[in-house]
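Read the structure below first, then the notes.
Values in this document were obtained by computation on a predicted structure and should not be read as measured data. For the numbers below, each heavy atom of this structure counts, side chains included, while hydrogens, waters and symmetry mates do not.
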Amino acid sequence: MNETRKILKNKFYLYLTEFFSGMSVMAVELGASRLLAPYFSSSQIVWTIIIGTIMIAMALGNIYGGRSADKNPDPDRLYKRMIISAIWIALIPVLGKYVILGISAVMIFSVNSNFLIWAAFVACMVLFVFPLFLLGTVTPSLVKYAVSDLEDNGKTVGFLNASNTIGSIIGTFVPTFITIPAVGVSVTFFIFAGILLAIAIIYFCSRKQKSVRAVVGIVVIIVACIVGHQDSFAFWEDDLTFEGESVYNYLQIKEDDDAVYLSTNVLFGVQSVYVKDGSLTGMYYDYAMAAPFMADVNEKDHLDVLILGMGTGTYATQCDKYFDNLNFEGVEIDKDITDLSVEYFHLSEDIPVYTYDGRAFLNAVDETYDVIMVDAYQDITIPFQMSTVEFFTLVQEHLNENGVMVINMNMRGEEEGNINQYISDTVANVFSEVYTVDCTGNTNRELFASDNPDMISVFNENVALEEDEALTAMMDHVSEGLTAYDAGDYLMTDDKAPVELLGMRVIDDLIGNEASYYKDIYKEEGLSGLLEALE
């Protein structure tokens, strides 16, 4: 014990241990969000699950660490735990993707509701609780080793906690602004695993003591660095044109003979598409092209169009093919997506795209527009600040007289009080004219809103002047599906907008409908029949 006290008399080293322990916890937490986002989204619900499970791990670690230090105050035990934690963290990017998909497959067959909640929670418990539980033992253990008398124990504990907190603060910013954008999620895990391992190695070297765990840790991290970052998030895909990460998104581009597609989710959803032969996309962008007709495109010299959620510019590129009098501006919060738009999706470099949040942009500018396209709802990730009465009022204020707002609602729920009903009722609370149309072949629904009581007659008059047969046929299809929206009382405000829970319900229904087919096969034919059906 005396030898141990001598080694740890250098409190700077103890503070350093606390500092990097706190930094690593936050780095793993942020890395967890990026590892889970391509599969479960980055909604507030997923963040709640991540934070909750990590807090559970840290609390249990604090309890165990304190009891363990009292029972056997041997610092070797703490630094061995740090080595184990480092090894586990290094293995997360190597095995995590497979674990997440395996858990998701099990959850689909074992739960009937709240699939994403359960799958994300179990994935967090399996992947992140254990290493962070071990890191949770650091503070109580170091308090035991550092406090030798009661005279300055408050000061010592204060410095330990301050070191942990400062490390946590830096660990919050470094992954988000430095390591993840520069080298990606996998390497971020490796960096912080390496830091933890280095702290432990310094301790054992100071003791002139060999540690098998340290050697194993070095080997594991080296091997993980070699093989771990080579796996794609969509590791079953072998023909991706591009795969990368930005500050905000996982980015995946696929290409076939007909089109190029951008997705920000591994498992479902297309955010942008470029059709190589210049024809209509066959997706919701075609339906949204009704908005310029509703804004009297053929009777005006030009229309000013603002797109909130520009993506790679599919809507602008599509409209530009068929209308020669539109002026576009785009707002896209993710600059990396904007950078991809010119290289892969042929967005005109003459169209200005501002790197901004859509609502913040409207608050910052005075310009008004004839058409405002709101296309910022990404799978189940719906920014609440762009779904409220206050937001739609802001859109209304930025529309010219008889201007039109069009919203792409990408999840079509059927039950009472679904997400689209909330959004539509909220819009109807602001605009006098609201119409919706369901897109054929997918779950999207387009909503058109204006204060022009003649919006539909203007639409019909302008379509009658259109000479392109394909576009005319598309608009006739839209006209057949247009339905005046009968508003209800489901409103969302800045104070109350439960978009995450509402979106989760729709995803549950969609997954449940898709999974029911395979569940029936599994019940009737067992695992062999299921595997055969999946081939």
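- With rounding to the nearest 0.5 Å, the separation of CG in Asn462 from CD in Glu299 is 6.0 Å.
- Remark: the Ser424 side chain and the Tyr490 side chain contain no N/O donor-acceptor pair separated by less than 3.5 Å.
- Taking the six-membered ring where tryptophan is involved, the planes of Phe121 and Trp118 are perpendicular, since the angle between them exceeds 60° and thus also 30°.
- Under a 3.5 Å cut-off, the side chain of Thr368 and the backbone N or O of Asp366 do not form any donor-acceptor pair.
- A side-chain donor-acceptor contact under 3.5 Å links Asn325 to the backbone of Val297.
- Side-chain contact check for Glu29 versus Trp47: some heavy-atom pair is nearer than 4.5 Å.
- Using modelled atom types, one side-chain atom of Thr426 and one backbone atom of Met492 make a donor-acceptor pair closer than 3.5 Å.
- In this structure, Asn400 contributes its side chain and Gly403 its backbone to no donor-acceptor pair below 3.5 Å.
- Side chain to side chain, Asn408 and Asn444 meet the donor-acceptor criterion of an N or O pair below 3.5 Å.
- The two atoms that bring Ala32 and Ile50 nearest to each other are C-CD1, 4.0 Å, heavy atoms only.
- Side chain of Glu329 to backbone of Leu306: no donor-acceptor contact under 3.5 angstrom is found.
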**Q.** Derivation of the side-chain contact (heavy atoms from CB on, under 4.5 Å) call for Leu326 and Asp320
**A.** CA-CA 7 Å; Leu326 302 188; Asp320 201 38; 5.7 Å; no
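- Atom NZ of Lys335 sits in a sparse spot, with 12 or fewer heavy atoms from other residues, nucleotides or ligands closer than 6.0 Å.
- No donor-acceptor distance shorter than 3.5 angstrom exists from the side chain of His477 to the backbone of Ala473, with no hydrogens or angles considered.
- No hydrogens or angles considered: nothing links the side chains of Asp495 and Thr493 as a donor-acceptor pair under 3.5 Å.
- Sparse packing is recorded around CG of Asp486, with 12 or fewer heavy atoms of other residues, nucleotides or ligands lying under 6.0 Å away.
- The local environment of CZ in Phe242 is crowded, with over 12 non-hydrogen atoms from other residues, nucleotides or ligands closer than 6.0 Å.
- There is no side-chain donor-acceptor pair under 3.5 Å between His346 and Ser341.
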**Q.** Verdict with reasoning, Asp296 to Phe459, per side-chain contact (heavy atoms from CB on, under 4.5 Å)
**A.** CA-CA 7 Å; Asp296 214 2; Phe459 167 71; over 6 Å; no
(Q) Would Thr393 and Val395 count as a side-chain contact (heavy atoms from CB on, under 4.5 Å) here? Give the steps. (A) CA-CA 5 Å; Thr393 300; Val395 172; over 6 Å; no
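- Leu36 approaches Ala123 most closely through the heavy-atom pair CD2-CB, 4.2 Å.
- Between Tyr354 and Phe361, the distance from one ring center to the other falls under 6.0 angstrom.
- A 4.5 Å side-chain heavy-atom check between Asn460 and Ser479 finds at least one atom pair inside the cut-off.
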Q: Carefully, step by step, assess Ile407 and Phe392 under the rule side-chain contact (heavy atoms from CB on, under 4.5 Å).
A: CA-CA 11 Å; Ile407 304 175; Phe392 293 123; 3.4 Å; yes
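- A heavy-atom distance below 4.5 Å is not found between the side chains of Asp350 and Phe328.
- Atom OH of Tyr344 sits in a crowded spot, with more than 12 heavy atoms from other residues, nucleotides or ligands closer than 6.0 Å.
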Q: Applying side chain to side chain donor-acceptor pair (under 3.5 Å), run through Glu466 and Tyr322 and close with a yes or a no.
A: CA-CA 9 Å; Glu466 178 59 44; Tyr322 292 95; over 6 Å; no
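- In this structure, Leu308 and Phe391 have side chains that are in contact, with non-hydrogen atoms separated by less than 4.5 Å.
- A 4.5 Å side-chain heavy-atom check between Met310 and Thr338 finds every atom pair outside the cut-off.
- Shown here for Glu433 and Met455, the closest heavy-atom pair between the two residues is CB-CE, 4.2 Å.
- Between Phe189 and Ile92 there is a side-chain heavy-atom pair separated by less than 4.5 Å.
- The distance from the CD atom of Glu255 to the CG atom of Leu240 is 11.5 Å, given to the nearest 0.5 Å.
- Taken to the nearest 0.5 Å, the CE atom of Met386 stands 6.0 Å off from the CG atom of Asp357.
- With hydrogens and angles ignored, the 3.5 Å screen pairs no side-chain donor or acceptor of Lys321 with any backbone N or O of Thr317.
- Once rounded to the nearest 0.5 Å, the distance linking CD1 of Ile337 with CD of Gln271 reads 7.5 Å.
- Annotation: side chain of Thr264 is in contact with side chain of Leu251 (closest heavy-atom distance under 4.5 Å).
- A donor-acceptor contact shorter than 3.5 Å links the side chain of Ser457 to the backbone of Asp454.
- No donor-acceptor contact under 3.5 angstrom links the side chains of Tyr369 and Glu367, judged on distance only.
- The shortest distance between side-chain heavy atoms of Met283 and Val273 falls below 4.5 Å.
- To the nearest 0.5 Å, atoms CG (Leu399) and CG (Asp304) are separated by 11.5 Å.
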Q: Determine, stepwise, if the pair Phe345 / Tyr274 fulfils ring-ring contact (aromatic ring centres under 6.0 Å, His included).
A: CA-CA 5 Å; Phe345 293 84; Tyr274 171 73; 7.2 Å; no
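- Using modelled atom types, one side-chain atom of Glu390 and one backbone atom of Asp494 make a donor-acceptor pair closer than 3.5 Å.
- Nearest heavy atoms, Phe384 versus Ser387: O-OG, 2.8 Å.
- Contact record, Val478 with Ala290: CG1-CB, 4.1 Å, taken as the closest heavy-atom pair.
- Surrounding CG of Asp256 are more than 12 heavy atoms belonging to other residues, nucleotides or ligands, all under 6.0 Å away.
- Using a 3.5 Å distance cut-off with no hydrogens or angles, the side chains of Asp451 and Gln396 do pair a donor with an acceptor.
- Distance check: Phe448 CZ to Met405 CE gives 11.0 Å after rounding to the nearest 0.5 Å.
- For the side-chain hydrogen bond (donor to acceptor under 3.5 Å, both in side chains) with Asp375, the qualifying choice from Tyr284, Tyr315, Tyr285 is Tyr284, the only one to do so.
- Note on ring orientation: taking the six-membered ring where Trp is involved, the planes of Phe323 and Phe293 are perpendicular (angle over 60°, cut-offs 30° and 60°).
- Taking each heavy atom of Asp476 and Val463 in turn, the nearest pair found is OD1-CG1, 4.2 Å.
- Residues passing the side chain to side chain donor-acceptor pair (under 3.5 Å) test with Thr281 are Asp286, sequence neighbours excluded.
- Proximity of a side-chain donor or acceptor of Arg445 to a complementary backbone N or O of Asp438 within less than 3.5 Å is not detected.
- Contact check on Lys276 versus Asp258 returns no salt bridge, with no Lys/Arg side-chain nitrogen under 4.0 Å from an Asp/Glu carboxylate oxygen.
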(Q) Walk me through whether Tyr485 and Asp425 qualify under side chain to side chain donor-acceptor pair (under 3.5 Å). (A) CA-CA 9 Å; Tyr485 185 73; Asp425 284 0; 2.6 Å; yes
